[in-house]
2 protein chains.
Amino acid sequence: MDTNAVFKALAHRERRKLLDRLFAENGQSLNKLCAGLHMTRQAVSKHLRILERANLVATLKRGRDKEHYLNPVPIHAIGERWISKYQPRHLGALHDLKNRLEGKGEKRHE
Amino acid sequence: MDTNAVFKALAHRERRKLLDRLFAENGQSLNKLCAGLHMTRQAVSKHLRILERANLVATLKRGRDKEHYLNPVPIHAIGERWISKYQPRHLGALHDLKNRLEGKGEKRHE
DNA sequence: TTTACATGCAACCAGTTGGTTGCATATAAT
DNA sequence: ATTATATGCAACCAACTGGTTGCATGTAAA
């Protein structure tokens, strides 16, 4: 998985909004996804291509529409490998702090 | 919290590497953090400022050194509000899929 | 077969990003 | 006091990003 592509894809409000919309209703067409976004269809298309390259959405051409489907796997992977690393895993922040002060090692990722 | 600033700050390999380094050893000085990165100290300083503005690192001037401390809170917040939303929360992917097919609503964030 | 609609593609452009170099400043060490 | 070290600041620059417009193409509807 291209972690960098995923982070870069997530680093834009409108793209996160698009994911949000697909989460709410999967399989929407380009035109449908454009509604309410303050930019041209072509701009939205570019954003969707970025999400697609990051493997966050998959597409399916059906008739003259292009359906967009959310793929949660890369987000899950980032959560697992990246986010959870920085979080208290056991009994809250105090326990975590204690671990750090004791110098206990942690697995590193990426 | 400025979610966008955090995502943008994370959308760069070297900046994630810097967080990694601070996770491994907190409180490092600018010079120490430069070691092994293929760019000038000034560039690293810029990256650190971006992390600082996103509230991902806090700094403390001590003598002629500037110490950098990791702040895991924004990452935690993103994990809570953003990442976990896209993840199976209960008994694995099948359960999650079942929920979606049943059209159960989920809280939305941002 | 026309006409309308959904999308694709390419050129272009302004603003941002990510890096550099050069110099200034502040603190520590000799 | 002098020298060395750690950092700060500003100007500059190439490359990338995020948007536009204009036109082409493919599919559905009348």
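Put simply, A:His47 has a side-chain N or O that comes within less than 4.0 Å of OP1 or OP2 on D:dG19. At D:dT5, none of the side-chain N or O atoms of B:Asn31 fall inside 4.0 Å of OP1 or OP2 (strictly under the cut-off). Contact check, A:Lys61 against C:dT7: no side-chain N or O comes under 4.0 Å of OP1 or OP2. OP1 or OP2 of D:dG19 sits under 4.0 Å from a side-chain N or O of A:His12. The shortest distance between the side-chain N/O atoms of A:Thr40 and the OP1/OP2 oxygens of D:dT21 is not below 4.0 Å.
When the P atom of C:dG8 is taken as reference, atom CG of A:Leu48 falls 9 Å away, rounded to whole Å. Protein atom CE of A:Met39 is 18 Å distant from nucleotide atom P of C:dG15, rounded to whole Å. Atom P of nucleotide C:dA6 and atom CG of A:Leu60 are separated by 17 Å, given to the nearest angstrom. In this structure, A:Lys46 places its NZ atom 14 Å from P of D:dC16, rounding to the nearest Å. Atoms CG (A:Asn4) and C1' (C:dT17) sit 14 Å apart, rounded to a whole Å.
Salt-bridge annotation for A:Lys66 and A:Glu52: present, with a side-chain N of the basic residue lying under 4.0 Å from a carboxylate O of the acidic one. With salt bridges taken as basic N to acidic carboxylate O contacts below 4.0 Å, one links A:Glu25 and A:Lys32.
Residue-to-nucleotide contacts include no donor-acceptor pair under 3.5 Å from the side chain of B:Arg64 to the base of D:dT7. Contact of B:Arg41 with D:dG8 (side chain to base): a donor-acceptor pair of N or O atoms is detected under 3.5 Å.
Ring planes of A:Tyr86 and B:Phe23: perpendicular class, angle over 60° (limits at 30 and 60°).
Note on B:Arg15: only backbone sugar-phosphate atoms sit closer than 4.0 angstrom, heavy atoms only; bases stay farther off. Counting non-hydrogen atoms under 4.0 angstrom, B:Gln42 reaches a base of the nucleic acid.
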